[in-house]
Amino acid sequence: MPRVKASEYTAKKILATYTNTKFSGIGVRENDQKFSIPSGKKYVVKVDDGSKRRMKRGLVNVDVSAVSAKKFVEALKKKRFSKFYIEPFVEHNIEDEQYISIDRVREGYTVMYSKSGGINIEDSKDSLVTFTAPKAADLVSSLIKKTDLSEKFVRGLVEYFDNEHISFLEINPFVVKGNKVYALDLAVERDSAADFFVSPDWQDPSTSSGQASLEVEGPKQKVQALAETTPASLSLEVINKDANVFMLLSGGGASLVLADAAHHKKHPEVLANYGEYSGNPTREVVREYAGIILDMALRSKAKKKAIVIAGGVANFTDILQTFSGIVDALEPRATKLKQQKIKVYVRRGGPNEEAGREMLKKFLESRGLLGSIGGSKIPLTKVMDQAIDYVT
Amino acid sequence: MSLSLLKLRKNNHGIVVIGNYPVTQAILDYDYLQGKSEPSVKAIVTNGKKTAKYFFGDTEILIPVYSSVEKVPTKIATTITLFINLQSGRSAGASSIDALSKFKKLEGGIIFAENVPERVALEVKALADSKKAFMIGPASVGIFVPGYLKLGAIGGTLSDQIEKLATVQRGEVAVITTSGGMSNELVHSFINAKRGISFAVSAGGDRFSMLSPLDAVLAAEKDSQTKYIVYFGELGSDDEYRIRDAIKAGKIKKKLYVYIGGDISESFDEPMQFGHAKALAKTEDETAKAKRVALKKVGVQTFEKYDSFIKTVTNLKTKDMAKTSRQARGKNPQSKKIPNRKKALITSTISNVKTKETADFAEHMLAMLLGRKIKSTDTVAFIDLILKELIDHGPHVSGAVNTIISARAGKDLVSSVTSGLLTIGPRFGGALNEAAKTWFEESEVGDARDLVSKITKEKGIISGIGHRKYSKENPDPRVKKVLKMSENCKKRTYTSFALDVEDLMLTKKSSLILNIDGAIAAVMLDLLSEKEKLSKDEIETLIEAEFFNALFVIPRTIGFTAHFLDQKRIDEGLFRMPDSDVSEI
């Protein structure tokens with residue numbers, strides 16, 4: 001279900017197999033990858049890391065020689081970009097640029113189409129034709145009827161959209177020359193839950209987790225990497241690394257409630273992070289996840305700090321197991337946490353909750369870290385109030 | 001798509017669990033605590049076994065297991081009204097489609113897994129719609145209807161959690177969430193406030209959840225037992241706008257109480273836009289705040305603070321009824337507790353087998369082997385005889401030789417005895433079980449003549465017939481003693497059969513006598529069936545477990561041990577085969 005962004009290189013390479021066209025694009029993925037661009041032609045060179053608005057950000061060069069293309073890539077590498085896409089330039093008039101997007105929706109497929117495509121498409125909203133087709137066959141016939149796309153291209157595109165479990169696709173712009181369709185750009189979001197069923201070529205290292213990122217490996221990236229090793233759910237967003245309250249929250253819904261509570265207590269600035277773990281992760285995974293957040297807490301420059309370990313009443317996540325993982329992470333850091341006078345506030349329920357809370361309580365008391373600890377009888381958001389009171 | 005609470009509120013659901021997880025026990029526990037006379041789980045679809053052991057109360061029950069939906073027999077398939085699919089996201093789609101196609105009386109199903117591809121979820125939903133069945137999920141912890149049904153992990157999986165859940169009365173408030181964890185948190189708020197619920201459902205957080213939040217609200221609207229609707233939503237998606245539109249169109253008249261989580265997102269950076277589509281499309285603001293505002297405009301009571309949300313919804317003026325309807329109670333009184341039962345890692349039944357203080361060794365031994373008291377002194381006498389007869393057959397036989405060689409090589413007792421035991425098999429000492437199998441199975445399907453002609457045609461041998469040394473002219477004295485022990489048996493089915501076979505085989509060659517293995521096997525079978533009154537199934541299980549070979553292994557172990565001790569006394573040193581006795585080719 002998680003929709004992930006694909007690189008233009010991969011999206012186009014796989015599309016070519018459906019539209020039966022020759023694919024002449026070059027994808028540069030690694031910093032030391034040797035690549036050669038055949039001379040005698042003109043090219044388009046782009047940064048290809050899953051991000052968009054590249055033209056406006058100066059990350060695209062159009063109609064350049066092979067030599068210039070290579071120079072452009074080297075220049076961008078100095079700016080710490082590392083993934084690029086190069087393809088032969090297609091001569092055309094700007095007026096001929098068209099726009100199309102297809103979105104998978106509950107009712108079928110929603111198409112947006114405009115004969116006035118291009119980077120300024122948002123100024124041409126009046127030219128937009130929108131329709132929803134319930135089934136693939138309807139989509140094919142509607143696209144043939146209502147757009148300038150050739151039948152061959154339409155059939156290939158729809159088959160690509162379904163077979164490769166694509167959730168969203170945008171071609172802006174494309175041009176039609178004779179009976180050939182040229183997609184000058186291609187943005188694809190695909191359903192990563194379908195990895196098993198689709199082409200293995202989608203596993204493109206340039207867009208791991210679909211997030212375009214220039215960042216060095218920070219806590220969020222660490223958690224993303226950890227999430228890929230387990231069927232459980234893990235996420236982490238860093239709001240302010242030098243804030244006061246660090247959260248280890250369980251469950252998507254409950255974590256929103258707890259985070260919202262800080263927001264509403266008129267002290268949203270104390271929140272350092274948002275994120276959650278759920279789906280009965282193993283003790284080891286919880287240990288790793290908790291460790292990443294505890295390290296963040298120790299590094300924070302705030303004077304007064306608190307850790308909130310909270311969630312609702314779990315259906316099947318084992319509280320004893322997950323709390324054991326948290327203790328595993330607290331243990332080696334306990335002295336430092338105590339030195340910084342960090343307090344821990346806990347509210348959680350679920351399978352084996354008494355044993356889990358008892359164990360965690362004993363540990364926190366023995367290390368002088370206990371703020372408060374309770375179960376389902378305590379209102380969900382109370383721990384957040386207590387933690388905020390402590391740090392403000 | 002029709003989620004009908006009216007249909008769900010009945011006592012005699014038939015549930016199929018696809019995949020095998022503790023959730024099954026939780027469903028059975030809730031059944032038990034509601035006083036149901038029968039468990040609702042009728043079959044499990046998973047690999048690797050034929051039955052699965054669960055508890056109904058404190059009684060162990062065996063639920064049949066099938067390796068695919070297709071294999072569920074008609075007799076069971078016609079009773080199935082619901083299924084819960086616990087398989088992973090990769091497989092859950094296909095097996096759900098199988099279930100929707102196979103079970104004709106199906107009312108609906110739940111998919112628990114996350115990571116079901118979007119396209120697959122839409123396909124399953126389309127099929128369910130065509131069958132007028134409901135589907136909930138993917139990524140759903142299920143639906144809870146107090147007094148009737150707990151289908152899914154919702155409310156818990158351990159017996160103490162289910163005991164708590166069983167205290168929830170049938171009420172007039174419906175609880176709808178997209179988040180699994182919050183569905184249980186909300187249910188517990190009602191438990192703590194001692195208020196009832198009409199039903200609680202977790203739609204799951206997938207983009208194309210098969211029971212959309214709007215579908216769930218409409219089901220609550222249609223449900224005559226529901227008076228108020230409580231809804232927990234999250235930022236993102238347009239689900240709440242669809243609910244707003246339905247209210248505007250007059251499709252929802254009951255009062256809604258709504259909390260939408262996600263105000264925190266105002267603190268995040270706007271993620272970089274991917275493409276122009278969102279900007280081009282006329283979509284509405286998907287923040288929590290915007291959705292609250294939109295719903296408030298149509299008369300929904302919305303809450304910014306979670307605490308006030310909970311306080312309000314657990315204090316509504318509603319009527320709470322007894323936990324179970326009389327109909328649901330069936331014949332059994334409603335229980336409050338699940339009896340104490342521990343899921344054991346290993347099960348053992350024999351260590352409690354008690355024999356009289358005066359019981360002798362043979363009786364004691366047989367009681368342990370069979371796991372029960374021995375009924376007849378004839379059986380004991382027989383065991384006593386064969387134990388003595390089989391202790392040793394001299395130092396020439398393979399097993400003894402192995403033991404002797406090991407002892408002389410300086411090995412310890414256990415190693416040397418084990419070395420001897422390891423020769424026991426199809427050619428030495430191990431024919432007892434095969435002979436028992438032959439007498440038992442062949443006497444069922446025909447007479448001695450049938451067996452002999454079958455073997456002759458196949459050019460095979462019969463275990464229990466034939467000996468290298470003994471023959472018709474030179475009979476094995478042990479065999480005579482053994483056969484005498486069957487004289488007290490009235491029917492003597494197996495011994496007669498074996499002797500008939502011997503008569504026929506002797507006409508071919510004089511060495512084809514009923515040997516000691518065949519004799520012991522035959523007499524033992526007669527004693528077990530006539531004197532100990534074992535059923536045919538029980539005897540078959542003994543044969544499958546190699547019981548008859550144990551009758552050789554046990555006494556012969558004594559013999560090998562004796563040879564070991566003997567060799568240690570004699571102490572001749574390491575044995576080496578004389579060169580002249582080995583032919584190397």
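The model shown is predicted, which means the values in this text are computed figures rather than measured ones.
Looking at A:E107, only its side chain comes within 4.5 Å of chain B, counting heavy atoms on both sides. A:T130 does not touch chain B: none of its heavy atoms, backbone or side chain, sits under 4.5 Å away. Residue contact with chain A, scored on non-hydrogen atoms closer than 4.5 Å, involves the side chain of B:F112 exclusively. For B:I191, no part lies near chain A; criterion is any non-hydrogen pair under 4.5 Å. Proximity to chain A (any heavy atom under 4.5 Å) is shown, for B:E304, by both the backbone and the side chain. Interface residue B:L122: only side-chain heavy atoms are found under 4.5 Å from chain A. Of the two parts of A:A261, neither the backbone nor the side chain holds a non-hydrogen atom closer than 4.5 Å to a non-hydrogen atom of chain B. Contact annotation for B:F309: neither backbone nor side-chain heavy atoms come within less than 4.5 Å of a heavy atom of chain A. Both the backbone and the side chain of B:S212 have a heavy atom closer than 4.5 Å to some heavy atom of chain A. Residue A:D195 does not touch chain B at all, counting heavy-atom pairs closer than 4.5 Å. For B:S179, the part sitting under 4.5 Å from any heavy atom of chain A is the side chain, from C-beta outward, and nothing else. Heavy-atom distances place no part of A:S278 under 4.5 Å from chain B, backbone and side chain included.
Top candidate by heavy-atom pairs under 4.5 Å with chain A, chosen from B:V141, B:I310, B:D160, B:T177, is B:V141. For the set B:M182, B:K305, B:E114, B:Q161, the count of heavy-atom pairs under 4.5 angstrom toward chain A peaks at B:Q161. Between chain B and the residues A:K377, A:E269, A:R104, the most heavy-atom pairs under 4.5 angstrom are made by A:R104. Options B:T157, B:T178, B:L186 differ in how many heavy-atom pairs under 4.5 Å they form with chain A, and the most are formed by B:T157. Counting heavy-atom pairs closer than 4.5 Å to chain A, the top residue among B:A121, B:A153, B:G233, B:G181 is B:A153. Ranked by non-hydrogen atom pairs under 4.5 Å with chain B, the options A:D103, A:N172, A:D162, A:T317 are led by A:D162.
Side-chain contact of B:D206 with B:S209: a donor-acceptor pair under 3.5 Å is absent, judged by distance alone. In the model, A:D260 has a side-chain atom that pairs as donor or acceptor with a side-chain atom of B:Y259 under 3.5 Å. If you check the side chains of B:D307 and A:T381, you find a donor sitting under 3.5 Å from an acceptor.
For the side-chain hydrogen bond (donor to acceptor under 3.5 Å, both in side chains) with B:R292, the lone residue among B:T302, B:D263, B:T287 that qualifies is B:D263.
From B:I84, atom CD1 reaches atom CG of B:L151 across 5.0 Å, with rounding to the nearest 0.5 Å.
Contact check on B:E240 versus B:R244 returns no salt bridge, with no Lys/Arg side-chain nitrogen under 4.0 Å from an Asp/Glu carboxylate oxygen. Salt bridge annotation for B:K291-B:E286: absent, with no cationic side-chain nitrogen under 4.0 angstrom from a carboxylate oxygen.
Shown here is A:R54, whose CZ atom has more than 12 heavy atoms of other residues, nucleotides or ligands within 6.0 Å. A 6.0 Å sphere centred on NZ of A:K115 holds more than 12 heavy atoms belonging to other residues, nucleotides or ligands. By the 6.0 Å contact criterion, NZ on B:K289 is open, its count of non-hydrogen atoms from other residues, nucleotides or ligands being 12 or less.
Taking each heavy atom of A:S255 and A:G252 in turn, the nearest pair found is OG-O, 2.8 Å.
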